[in-house]
Amino acid sequence: MARRSPWSRFVDSAVQDQGAPAAHPALVDTPAGATRAGVQAGGLKVRRLGERVGTKLRGQEPAKSPTDAPRRRTDVRLALPAFLVWSAAVAGVWLTPVGLVGLCCGLVLLATFLLIRASRGRGLVAGRRSFLMTTAVALVLAATAAAHSAVSSSQRNDGPLAEAVADGNSVVAILEVTGSPRAMTVPGTSGPPARWSVSAQTEEVTVSSRVIRTRARVVVMGGKGWGDLVPGQVVRTAGKLKPPDAGQQETAVLSASLPPRAGSGTDSSAGADDADAPGWQLVAKDLRVRYVSAASFLAADPAGLLPGMVTGDSSALDEGLNAAMKTVGMTHLTAVSGANCSLVLGALLIAARSLRLHRLPAAGLALTGLAMFVVLVGPDASVLRAALMGSIAVASLAGGRTGRGLSFLCLAVMGLLLIDPGLGTSFGFLLSVLATLGIIVLGRRMIDWTPPVVPRWAAAAWAVPLSAQLLCGPVIVLLQPQFSTYSLLANLMAAPLVAPVTLLGTAAVPLVVAAPWLATILIAVAGTFSAGVAGTARITAGLPGAALPWPEGPFGLLTMVLLSLLTFAGVWLAVRPRQVFPWVLAVHARTESVLDLLERHLGAPLSRRWPDRRGPGQRGPGLVAAAHRGRLRHCTRISGRNPQWPQPRPHEPGLRRPTRPPGGT
């Protein structure tokens with residue numbers, strides 16, 4: 001048996017749910033008489049198990065049939081807790097503090113009832129008791145998420161800051177930056193962005209000579225100087241407060257009228273001071289700036305796309321290329337996403353395995369490298385989800401246990417929502433979770449359906465992007481009501497280029513400072529692959545019908561869900577012809593039987609309902625089976641032997657009406 005490559009094992013672990021291996025029969029210590037006793041007590045299953053154990057103990061290996069392979073099942077035990085926690089986080093954004101208090105009390109009371117029922121229900125089977133316990137724990141976690149959301153809800157609805165936001169007052173605020181700045185580009189414009197969006201948290205807000213000291217989440221909209229900030233930096237600014245959109249976690253939107261200044265000190269003319277920012281954030285910012293400068297020798301498209309795919313800095317990305325990638329559904333490649341984290345983590349694990357490291361040192365090396373990568377690209381929602389999910393998987397592997405992808409996803413979702421319930425309404429977080437869910441649930445099945453003659457990597461190349469697109473499509477329609485016709489084709493063409501760009505480009509980041517000449521070589525090679533990604537986006541976006549209009553709102557979402565279901569069914573029909581043909585014959589036979597049943601039960605009422613001039617032996621209207629023919633024909637009132645008027649015969653002129661002479665009456 002040929003030894004599989006590390007990359008093949010990594011692909012399998014990324015798209016499959018591997019459960020804990022069953023105990024091998026040779027490891028079962030069974031006495032000679034135990035098998036006979038088991039046969040008498042347990043029946044057929046125990047008899048088969050005893051035969052396999054006895055055969056193995058005698059040194060004879062029975063031939064394995066395809067039906068003896070263990071059936072892989074998707075572990076959905078953590079799906080309910082994740083759904084309840086997410087629902088509570090979303091409810092915390094829309095409900096008032098009083099409503100959240102009632103929700104928390106109701107969840108706790110229901111959890112207590114289920115715990116009492118599970119503890120007192122001695123007659124319950126183990127599966128039902130486990131379900132009750134799991135549901136109770138899920139309700140407690142949901143109550144925790146709702147209680148966390150109640151803090152932000154109270155700041156949005158009550159207090160002096162909420163009054164200032166409702167009145168739209170001008171304020172002077174001291175803020176702590178909590179997120180990386182995001183460029184707000186205007187379609188049709190070129191050059192550096194003029195406006196930036198920065199997530200921050202208030203420390204002091206001065207409104208009409210009144211100082212309000214509170215920790216509330218705000219979004220700052222500013223111009224020059226706001227794009228240079230890093231998380232953890234404390235700045236001072238002035239502006240006007242505005243209420244946020246409905247369903248947002250932030251307390252207010254601050255439209256800054258001044259550039260950021262130093263948060264401490266009396267000199268208001270001093271620029272923003274980054275001395276109070278964490279050192280690791282300053283190092284990450286310096287590496288991003290150096291990387292953009294090091295890639296500037298490339299052509300325009302790869303010079304802007306490569307830093308975005310590696311470090312998340314898309315400030316140099318061309319607007320035309322950005323629009324082309326939006327048209328063909330490749331926006332997940334313009335910045336770092338969960339796929340990049342998976343590639344980096346897989347490369348680190350393969351490198352640790354190549355060095356013959358033990359499980360614990362290998363896990364430590366992989367987690368350290370993943371943490372440094374997250375710091376470099378910034379705490380984006382999809383990056384945090386992928387990083388936490390990968391950390392759980394690595395910890396499971398270090399403990400000697402195989403994991404399940406869906407369980408890791410549910411744990412990552414619950415952990416992030418309990419830390420920050422505001423992620424529950426983030427479209428980026430939702431798309432990241434749906435894409436991962438599609439790969440885990442649908443991608444594995446599509447790969448298994450592929451005929452064995454197709455290599456595993458080729459099956460994963462089309463199944464992974466298609467499965468992610470099927471689940472993300474309905475949400476993308478809400479954000480951008482259009483259908484990307486060549487999205488799957490563009491992602492298939494770009495898929496082989498993403499891994500070299502990510503791995504070579506990431507390896508060049510520390511070398512920008514340590515060995516610039518070597519970093520230049522790696523950037524040149526990675527830039528060549530990124531130029532291929534950019535060319536794929538521009539070519540497919542220029543094809544006719546690349547972006548088709550689609551309905552907006554709930555109707556567009558439902559129609560896209562229907563299209564995804566039809567696409568999934570079409571894939572199943574296309575890749576499993578041997579199973580489809582008998583199924584089609586069975587459906588045809590069932591349809592014939594139903595029609596025959598309808599004819600026998602509805603034939604007499606139909607004949608009484610439509611009495612006509614039928615001759616003896618003629619049948620009424622409806623679907624009638626021709627005798628000994630196996631075909632269906634439709635009988636009408638003129639299909640008898642004696643029609644009411646003569647019919648034109650083939651190849652003969654029809655009957656002519658007699659015409660009156662002109663002027664006759």
Side-chain angles (χ1 to χ4, degrees), residues 7 11 14 183 185 288 291-292 294-344 346-347 373 376-377 380 382-383 386 428 431-432 435 439 457-458 460-466 468-469 472 476 480 484-509 519-543 546-547:
W7 179 253
V11 170
T185 57
R288 289 193 295 266
Y291 197 88
V292 173
S296 60
F297 71 93
L298 300 173
D301 284 352
L305 183 59
L306 180 61
M309 296 182 66
V310 175
T311 65
D313 189 350
S314 58
S315 58
L317 184 64
D318 182 71
E319 183 62 28
L321 177 58
N322 190 23
M325 300 191 78
K326 286 183 179 180
T327 301
V328 295
M330 297 175 63
T331 53
H332 60 281
L333 299 178
T334 58
V336 177
S337 61
N340 302 79
C341 291
S342 301
L343 289 171
V344 172
F373 182 75
L376 173 67
V377 303
D380 191 70
S382 59
V383 175
L431 289 173
S432 176
I439 294 173
W457 61 268
W462 69 268
V464 169
L466 178 59
Q469 186 178 354
C472 294
I476 295 177
Q480 190 176 2
S484 300
T485 309
Y486 308 107
S487 176
L488 179 60
L489 175 63
N491 283 277
L492 283 176
M493 295 172 61
L497 308 175
V498 174
V501 171
T502 302
L503 299 179
L504 296 177
T506 305
V509 172
T520 303
I521 297 176
L522 294 179
I523 289 175
V525 178
T528 304
F529 289 101
S530 64
V533 176
T536 300
R538 289 190 180 273
I539 291 174
T540 52
L543 296 177

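If you read the sequence from its start, that first residue is 1, and numbering goes on from there.
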Straight-line distance of [X] [atom1] to [Y] [atom2], nearest 0.5 Å:
X    : Y    : atom1 : atom2 : value
D313 : L376 : CG    : CG    : 10.0 Å
I476 : Q480 : CD1   : CD    : 8.5 Å
L504 : S530 : CG    : OG    : 10.5 Å
L522 : T506 : CG    : OG1   : 10.5 Å
M493 : I539 : CE    : CD1   : 6.0 Å

- Between F373 and V509, is any pair of side-chain heavy atoms under 4.5 Å apart? no
- Answer whether the closest heavy-atom distance between the side chains of Y486 and T327 falls below 4.5 Å. no
Over all atoms of both residues, closest heavy-atom pair of [X] and [Y]:
X    : Y    : answer
N491 : P465 : CB-CB, 4.2 Å
A537 : A324 : O-CB, 4.0 Å
A303 : A316 : O-CB, 4.4 Å
L431 : C472 : O-SG, 3.5 Å
A468 : I439 : CB-CG1, 4.3 Å
I523 : A508 : CG1-CB, 3.9 Å

Going by atom type alone, with no hydrogens or angles, which donor-acceptor pairs under 3.5 Å involve a side-chain atom of residues 305-312 and a protein atom two or more places apart or on another chain?
residue : atom : partner : partner atom : Å
T311    : OG1  : P307    : O            : 2.8

- Item | L333: which of V533, L497, T502 passes side chain to side chain contact (heavy atoms under 4.5 Å, CB included) | V533
- Message: Closer than 3.5 angstrom, by distance alone: can the side chain of Y291 be matched with the main-chain N or O of G505 as a donor-acceptor pair?
- Response: yes
- Task: Report yes or no: does S432 contribute a side-chain atom to a donor-acceptor pair with the main-chain N or O of G428 at less than 3.5 Å?
- Result: no
- Only pairs at least two apart or in different chains count here, so list each salt bridge (charged side-chain N to carboxylate O under 4.0 Å, His left out) that has a residue in residues 521-542. D301-R538, D318-R538
- side-chain hydrogen bond (donor to acceptor under 3.5 Å, both in side chains) partners for S484, two or more places apart: none
- Task: Tell me, with the steps shown, if V498 and L343 meet side-chain contact (heavy atoms from CB on, under 4.5 Å).
- Result: CA-CA 9 Å; V498 174; L343 289 171; 4.2 Å; yes
